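FYI, the numbering just counts along the sequence from 1. This structure is a prediction, so every number in the text was calculated from the model and none was measured.
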Amino acid sequence: MNFGRWKGLVNRYLINGVILVIAWGGMFRRSFNCDTLAHMVNTKGDMAIMMSHGRYLVALQDWLLYQVGLSTTTHTGITAMAEVALLALAVCILQRCFEDKIINPSGIYEQLAWISISSLVFSNVLFAESFMFGECALMFGMAYLLATVGIWAFTRKKYLWAFFFFFLSTMEYQAAVIYAAIVLSAWIFIDNECRITKRTVASEVFCGVITIGSGILNIKSLSLLAKLGLVMEAGRSADIRNLGGKAAICLKDFGQILVNSRGLLPGICLPLIMLCVAAGLAVWKLWKEKKWHAIVYYLLLVAGMFAMMYILSMISYDARTYPRFIWTFYAVQAMLFLIAFWLVPKKGKEALCYICGFYLLVQILFCNIIVSNHMVSNTLDKTYAMMVYEKIVEYEEETGQEVKKLAVANDIDCPFSYNNVYYKTDQINERALGTVSNTMVNIVSGRNFEKVPMDETIFQTYFGDQNWDYFDASEQLVIIGDTAYWVIF
């Protein structure tokens, strides 16, 4: 046994794991968002939903846990640890795929640059959404690991195995193959020494067929299973109408990413600056060597990779640009820095050590700020729900009347996040109250209040058109008979 080789592999894994723990270790505690709470009270129902969305392996994982009396929400900190462990392995594999082409980085500066570039793939602020769903943390980790194994198989020309692992990754989460397509596009560029040839074009097309094609096959499998009655319905389908309108939405979203990563970074255009640095270094080097066709290929590659970011948004019904889709912006940036690292001389590699090291540190810093904001949001959700429950208990003790029902409505302007939670977008740091309020009260109280609709007369009599920007149970909660009526600010 080659102990030196195993020592190197273990050291590599530990380094990648430590970086991910520094970025996401704050999630190694019990946390939740709206979907997590829903999964807590309807685990079996969620399994059926996962099946209808083509996430067959996720449904299997959840079912196996359910058989032993557990679920992915039993200990959400453990599922976050599992995701980090799987992602660390994925980064190790990714590094090996490119090191064969780039030559193993030597010297401390080159190694630090290399680690910073590869770590950026999963240690970035947009990737935070994959940690917001405690019930899906294992799913995301498995999906990206399987897709990375597929990338490795492709680079070894084991194409059947590559397709097999890409298809498996879609059974966890379909967006994983977009990440794979982006990474492989960069690998093909390097493998072909920046040259546009028939072989290059064929490789890029083939890459798209077996990655994105895996996702299409997954969607098609849903229709077949629905016809056979094995799933309730096909919960995923493609919609290619209004492509112009969807493109406008995606371009606006892309602009927001370049400015401040959708509000998750300071608004100083840091992602845009770093994009210009990575692309500028590569184009400068190719221009200096008078490789004009290579510059054209590079620019087409950049445009193609950014277009791949929005494939899922373009084929979805409402063109939603969820962070769990468009986090691949940072996968693109990592690939562009990787290409620059490959092209520039030793001095340039040393410069990338400082540039990429700084960028990674900024990303990790704001990953931690996002996580701390998430804990603030969770604490407020639980605190307000418990305060309402305490009022219910107080009423029961005073009147002897047991409260069995809970009617909840939102006031005129009920935001999806708290005002004092500053780093938020889509389901990153969403609040539970206002979306799954009944479920939140049931979970913190340990009771099962029947969910009933808000009585219009009671609403107009006690709450009217008020629009609060603070919590006050004395104003927002009324209990009549066996029913509590609560309006969420």
Side-chain angles (χ1 to χ4, degrees), residues 93-105 114 117-118 121 147-167 169 176-217 275-311 314 328-329 331-346 348-349 352:
I93 296 170
L94 203 60
Q95 289 168 339
R96 288 296 303 149
C97 290
F98 283 93
E99 282 173 354
D100 292 343
K101 293 295 176 185
I102 292 178
I103 302 174
N104 222 331
W114 182 245
I117 291 168
S118 51
V121 175
T148 306
V149 174
I151 292 169
W152 176 85
F154 187 99
T155 63
R156 296 299 188 274
K157 297 182 171 28
K158 302 177 186 294
Y159 300 120
L160 283 177
W161 280 111
F163 181 77
F164 173 72
F165 282 108
F166 291 145
F167 187 63
S169 74
V177 291
I178 304 299
Y179 146 77
I182 288 169
V183 171
L184 281 175
S185 293
W187 185 87
I188 291 168
F189 179 85
I190 293 171
D191 185 48
N192 288 275
E193 301 285 337
C194 324
R195 294 188 302 270
I196 300 180
T197 63
K198 290 181 180 179
R199 177 176 177 268
T200 307
V201 174
S203 295
E204 293 283 7
V205 171
F206 183 61
C207 165
V209 168
I210 69 169
T211 53
I212 297 170
S214 299
I216 294 172
L217 182 61
L275 174 61
C276 292
V277 169
L281 283 171
V283 171
W284 170 78
K285 186 65 168 63
L286 294 172
W287 175 80
K288 192 175 178 182
E289 295 177 356
K290 298 185 176 359
K291 294 182 178 179
W292 315 120
H293 288 93
I295 292 175
V296 173
Y297 182 11
Y298 180 81
L299 295 176
L300 289 173
L301 174 73
V302 173
M305 288 196 293
F306 281 128
M308 280 188 272
M309 273 176 59
Y310 289 104
I311 287 177
M314 291 294 290
T328 46
F329 171 84
V332 175
Q333 276 204 326
M335 293 302 103
L336 296 182
F337 273 118
L338 191 149
I339 291 170
F341 181 87
W342 171 60
L343 288 171
V344 297
K346 187 176 182 63
K349 288 179 172 62
L352 282 173

Roughly how far, to the nearest 0.5 Å, is [atom2] of [Y] from [atom1] of [X]?
{"X": "Trp284", "Y": "Ile295", "atom1": "CH2", "atom2": "CD1", "answer": "12.0 Å"}
{"X": "Phe163", "Y": "Phe206", "atom1": "CZ", "atom2": "CZ", "answer": "9.5 Å"}
{"X": "Ile117", "Y": "Leu94", "atom1": "CD1", "atom2": "CG", "answer": "11.5 Å"}
{"X": "Leu184", "Y": "Asp191", "atom1": "CG", "atom2": "CG", "answer": "10.5 Å"}
{"X": "Phe98", "Y": "Thr155", "atom1": "CZ", "atom2": "OG1", "answer": "8.5 Å"}
{"X": "Met314", "Y": "Met309", "atom1": "CE", "atom2": "CE", "answer": "13.0 Å"}

Exercise for the section: State yes or no: are the ring centers of Phe166 and Phe154 separated by less than 6.0 Å? Expected result: no

Exercise for the section: Verify the ring-centre separation between Phe306 and Phe329: is it less than 6.0 angstrom? Expected result: yes

Can you give me the closest heavy-atom contact between [X] and [Y], atom names plus distance?
{"X": "Leu352", "Y": "Ala340", "value": "CD1-C, 4.0 Å"}
{"X": "Ala162", "Y": "Ile210", "value": "CB-CD1, 4.1 Å"}
{"X": "Ala334", "Y": "Val121", "value": "CB-CG2, 3.7 Å"}
{"X": "Ser214", "Y": "Val177", "value": "CB-CG1, 4.2 Å"}
{"X": "Lys157", "Y": "Arg199", "value": "NZ-NH2, 4.4 Å"}
{"X": "Thr211", "Y": "Ala180", "value": "CG2-CB, 4.2 Å"}

Exercise for the section: Assess whether side chain to side chain contact (heavy atoms under 4.5 Å, CB included) is satisfied between Ile93 and Ile151, documenting all intermediate values. Expected result: CA-CA 9 Å; Ile93 296 170; Ile151 292 169; over 6 Å; no

Handout entry: Note: Glu193-Arg195 ion pair, threshold 4.0 Å (strictly below)
Key =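 Judged by the 4.0 Å cut-off on N to carboxylate O distance, Glu193 and Arg195 do not form a salt bridge.
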
Any side-chain heavy atom of [X] sitting closer than 4.5 Å to one from [Y]?
{"X": "Lys101", "Y": "Leu338", "value": "no"}
{"X": "Thr148", "Y": "Phe165", "value": "no"}
{"X": "Trp187", "Y": "Met335", "value": "no"}
{"X": "Val277", "Y": "Phe337", "value": "yes"}
{"X": "Leu343", "Y": "Lys288", "value": "no"}

Practice task
Check for a donor-acceptor pair, side chain of Asn192 on one end and backbone N or O of Ile188 on the other, with a separation under 3.5 Å.
Solution key: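 The answer is yes, because a donor-acceptor pair under 3.5 Å joins these two groups.
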
Exercise for the section: Determine, stepwise, if the pair Cys194 / Tyr298 fulfils side chain to side chain contact (heavy atoms under 4.5 Å, CB included). Expected result: CA-CA 7 Å; Cys194 324; Tyr298 180 81; over 6 Å; no

Practice task
Take the angle between the ring planes of Phe164 and Trp161 and call it parallel below 30°, perpendicular above 60°, tilted in between.
Solution key: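 Rings of Phe164 and Trp161: perpendicular, over 60°.
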
Practice task
Using the six-membered ring wherever Trp is involved, compare the ring planes of Phe189 and Trp342 and label them parallel, tilted or perpendicular (cut-offs 30° and 60°).
Solution key: perpendicular

Exercise for the section: Any chance you could lay out the side chain to side chain contact (heavy atoms under 4.5 Å, CB included) test for Glu204 and Tyr297, step after step, and finish with the verdict? Expected result: CA-CA 12 Å; Glu204 293 283 7; Tyr297 182 11; 3.0 Å; yes

Handout entry: Donor-acceptor side-chain pairing of Thr200 and Thr197 below 3.5 angstrom
Key = yes

Practice task
Give the C-alpha distance, both sets of side-chain angles, the deciding distance and a yes or no for side chain to side chain contact (heavy atoms under 4.5 Å, CB included) between Leu275 and Leu336.
Solution key: CA-CA 8 Å; Leu275 174 61; Leu336 296 182; 3.5 Å; yes

Handout entry: Under the side chain to side chain contact (heavy atoms under 4.5 Å, CB included) test, residues paired with Ile311 that sit two or more places apart
Key = Ile178, Ile212, Met308

